[in-house]
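For reference, the structure is listed below as structure tokens.
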Amino acid sequence: MTTTTPPASELTPGSTIEALVQAPAKARERLTSRWASLAAVFIAVLWTLPTFGLAVSSLRPELAIKTTGWWTFFSNPQVTLDNYRAVLGNGSGGLGGNFINSFVIVIPSVVIPISLAALAAYTFAWIEFRGRNLLFIVIFALQIVPIQVTLIPLLSLYVTAHLDGTFWPIWLSHSIFGLPLAIFLLHNFMREIPRELIEAARMDGAGHVQIFFRVLLPLLTPALAAIGIFQFLWVWNDLLVALTFAGQPTAPMTAALSALSGTRGTAWHLLSAGAFVAIIVPVAVFLSLQRYFVRGLLAGGLKG
Amino acid sequence: MTTSQKFTQMGAAVLLFLAVVGVILFVATRFSGRKADRAVATVFLLPTVVMVALGLVYPGAKTIYQSFFDAAGSSFVGFDNYATIFTSSDQVTVLRNTVLWVVVTPFVATAIGLVYAILIDRARLESFAKALIFLPMSISFVGASIIWKFVYEYRPNEQDIQQIGLLNQVLVWLGGSPQQWLVNPPWNTFFLIVVMIWIQAGFAMTVLSAAIKAIPEDIVEAARLDGVGALGMFRFVTVPSIRPALVVVLTTIGIGTLKVFDIVRTMTGGQFDTSVVANEFYSQSFRSANQGLGAALAVLLFVLVIPIVAYNIRQLRSTEAR
């Protein structure tokens, strides 16, 4: 599969000595590359098969899932959408409301921290003021605080403010937890913009707000997209914040699925379809915006 | 709450937030010239500083304080909670499991990611091959746990009963008898770790693949002309060239693994001796109502993260200095 032919060997097609020396090396290379391809395919299959099995199962009737393996689907194909209907409905085992909650939670939880982080990153990157470096280092360092450390005191703050039971604790918590990393990454991107560009705008009499919107924002769209995808995936896939702050009416998909897996561990028709409904959204976002995602990843953005 | 009520609430929240940002921007435009810097910096940073102070700094300090108090959080007990973590047999199992997770996951995930990155480097369909390994990264830990719980599913070994879990079926095809993979310690912890490796290998592969592509072509060519074989190339050219990336990948996965909670919670709920520190924090704080021990576990997590991060930053500094 691999095309590892070294271009150097093609430079001297006439030299027979060269060819004699190269021949065994080439043969060995082809051999290793065949084994290499085999190994790569093996890993790829190993990585894909578990997901594939659950995907196939989600389309099989409940009884078939529970009595026969999903691989028998190919000798005895039975397809139904009943599992998805049950999962998206609001009856017993239905997760339709939770699916809605996931969207209701994720949108403000992405918009709020990124907007605030953009303002903060601009300030740290392009405004001189006393204590700037110290404050930036403090916020940078806060990235390492595990969110576990904050949960119980935050919960009592929300109760004091009478916000418990609403979506606010979840929105605010995700915004707070996302801020340090978003500020750090956006700051790095902002520093890469040439100083002359900012200075020129200042010479023209532009204030900070104009510079922010007219000069920086258009250049930062890819960075904002990358950070937006991170925050989206993180919030959509989160379980801990949801379990801590969400009640029955506000619980997202992850919390509902985790509960379903614990209490009705054998309801594979609901679990498989439910897991797929929950998976399909981030996978779609990821596939359509993969370019930005990988760029963000390489810029050092990974929150634990 | 109906669906439309939920979306109305969400819309109201976003509008409220935009109004706040609007006020901030309006205030900022009131000041102009160089002297305005201080005022603009203040209004731009105000919401961030308030949120971070109330949401990270204060709760962090409060949790450290609470870790010296008893289960109800009322009387001071000194270091008793920390002593419990290191002496009670349940908690020692939790620590042992956490060590297993943090040692095994980063190295295995990085090794698989590295090998795969090298195998598919410049292969046909490279980006497709990458996407296959990388996709688990975008799936939630909960989703991944359900996927793997299904792989591990066990059915009793009786005449008319077929296995529905792939792993047990493979075992049966090979002539073995089905196992309850998630029930028997200490091996069940390894079957949970597999899920984390499955998720993290894609991350390792992506970062390392980019690092491999950044190795200067002339170094590779020179080694090839010297007759260095595939294994030699790996040992003497590839690995030394991407060492900084390897360190970042190992430490990042290590930190993520230290905080792993969702997988244990969803697959076993911490039963059968599979609990880890992050899961035990949740169980003690919210299930057993032992605030003091929960707080101490959270602080332990914090303390364990610090050296890994410090090492990571030092590595980054030394590569930047070079």
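Naming: A, B, ... by sequence-line order, numbering from 1 per chain.
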Report task. Say whether, by atom type as modelled, one donor and one acceptor occur between the side chain of A:S261 and the main chain of B:T266 under 3.5 angstrom. Result -> yes
Report summary line: Note: vs chain B, highest number of non-hydrogen pairs under 4.5 angstrom among A:F129, A:W71, A:F213, A:W168 is A:W71
Query - Minimum side-chain heavy-atom gap A:F103-B:M10 below 4.5 Å - result: no
Report task. Check whether any side-chain heavy atom of B:Q9 lies under 4.5 Å from a side-chain heavy atom of A:V104, and answer yes or no. Result -> no
Query raised in the report: Which atoms of A:F276 come close to chain B, meaning under 4.5 Å heavy atom to heavy atom: side chain ones, backbone ones, both, or neither?
Result: neither
Report task. Looking only at non-hydrogen atoms, find the nearest pair between A:P146 and B:L301 and report the distance. Result -> CG-C, 4.2 Å
Query raised in the report: Taking B:L167, B:I306, B:T268, B:L135 one by one, which has the highest count of heavy-atom pairs under 4.5 Å against chain A?
Result: B:L135
Report task. Please assess A:I100 against B:F7 for the test side chain to side chain contact (heavy atoms under 4.5 Å, CB included), listing each intermediate value before the final yes or no. Result -> CA-CA 9 Å; A:I100 300 291; B:F7 278 108; 3.6 Å; yes
Query - Segment of B:V220 engaging chain A (4.5 angstrom heavy-atom cut-off) - result: neither
Report task. Using the test salt bridge (Lys or Arg N to Asp or Glu O under 4.0 Å), find all partners of B:K6 that sit at least two apart in sequence or belong to another chain. Result -> none
Query raised in the report: After noting the C-alpha distance and the side-chain angles of B:Y58 and A:T150, does the key distance pass the side chain to side chain contact (heavy atoms under 4.5 Å, CB included) rule?
Result: CA-CA 8 Å; B:Y58 159 75; A:T150 67; over 6 Å; no
For residues 43-55 of chain A, which side-chain N or O atoms pair as donor and acceptor with protein atoms under 3.5 Å away, sequence neighbours left out?
unit_1, atom_1, unit_2, atom_2, d
A:W47, NE1, B:W198, O, 3.0
A:T48, OG1, A:A44, O, 2.5

Query raised in the report: For A:T250, is it the side chain, the backbone, both, or neither that has a heavy atom closer than 4.5 Å to a heavy atom of chain B?
Result: side chain
Report task. May I ask you to test the A:S115-B:F17 pair for a side-chain heavy-atom distance under 4.5 Å? Result -> yes
Query - Portion of B:Q163 that has a non-hydrogen atom of chain A nearer than 4.5 angstrom - result: backbone
Query raised in the report: Looking only at atom types and distance, does a side-chain atom of A:T254 sit under 3.5 Å from a main-chain N or O of B:V142, one as donor and one as acceptor?
Result: no
**Report entry** Winner by heavy-atom pair count (cut-off under 4.5 Å) against chain A, out of B:S138, B:A41, B:P47
**Finding:** B:S138
**Report entry** Heavy-atom contact with chain B under 4.5 Å, split by part of A:A120
**Finding:** both
Query raised in the report: Is it the backbone or the side chain of B:L231 that comes under 4.5 Å from a heavy atom of chain A, or both, or neither?
Result: neither
**Report entry** Leading residue by heavy atom contact count with chain B [cutoff under 4.5 Å; candidates A:E128, A:R130, A:K66, A:Q148]
**Finding:** A:Q148
Report summary line: So, the part of B:F150 with a heavy atom under 4.5 Å from chain A: the answer is both
Report task. For the residue pair B:L56 and A:L179, establish whether any side-chain heavy-atom pair is separated by less than 4.5 Å. Result -> no
Query - Engaged part of B:A129 at the chain A interface, taking heavy atoms whose separation is under 4.5 Å - result: neither
Requested in this report: With a 4.5 angstrom heavy-atom cut-off, could you sort out which part of A:F232 is near chain B: side chain, backbone, both or neither?
Outcome: neither
Query - Engaged part of A:F124 at the chain B interface, taking heavy atoms whose separation is under 4.5 Å - result: side chain
Requested in this report: Sort out for me which of B:G11, B:P136, B:G60, B:G143 touches chain A most, counting heavy-atom pairs under 4.5 Å.
Outcome: B:G60
Query raised in the report: What part of B:F261 is in contact with chain A, defined as an atom under 4.5 angstrom from a non-hydrogen atom: side chain, backbone, both or neither?
Result: side chain
Query raised in the report: With a 4.5 angstrom heavy-atom cut-off, which part of A:I139 approaches chain B: side chain, backbone, both or neither?
Result: side chain
Report task. Looking only at non-hydrogen atoms, find the nearest pair between B:V305 and A:I144 and report the distance. Result -> CG1-O, 4.0 Å
**Report entry** chain B contacts, top residue of A:L135, A:T244, A:I183 (heavy-atom pairs, under 4.5 Å)
**Finding:** A:T244
Requested in this report: Could you have a look at A:T68, A:T72, A:V283 and say which one has the most heavy-atom pairs with chain B under 4.5 angstrom?
Outcome: A:T68
Report task. Under 4.5 Å, counting heavy-atom pairs only, tell me which of B:V151, B:L132, B:L45 racks up the most with chain A. Result -> B:L45
**Report entry** Top of B:L54, B:V40, B:I161, B:T3 for chain A proximity - count of heavy-atom pairs under 4.5 angstrom
**Finding:** B:V40
Query raised in the report: chain A heavy atoms under 4.5 Å from B:I24: which part of the residue, side chain, backbone, both or neither?
Result: side chain
Report task. Heavy-atom distances under 4.5 Å only: say whether A:L157 touches chain B with side chain, backbone, both or neither. Result -> side chain
Requested in this report: Check the pair B:R265 / A:L239 against side chain to side chain contact (heavy atoms under 4.5 Å, CB included), numbers first and verdict last.
Outcome: CA-CA 9 Å; B:R265 182 98 224 136; A:L239 176 66; 4.3 Å; yes
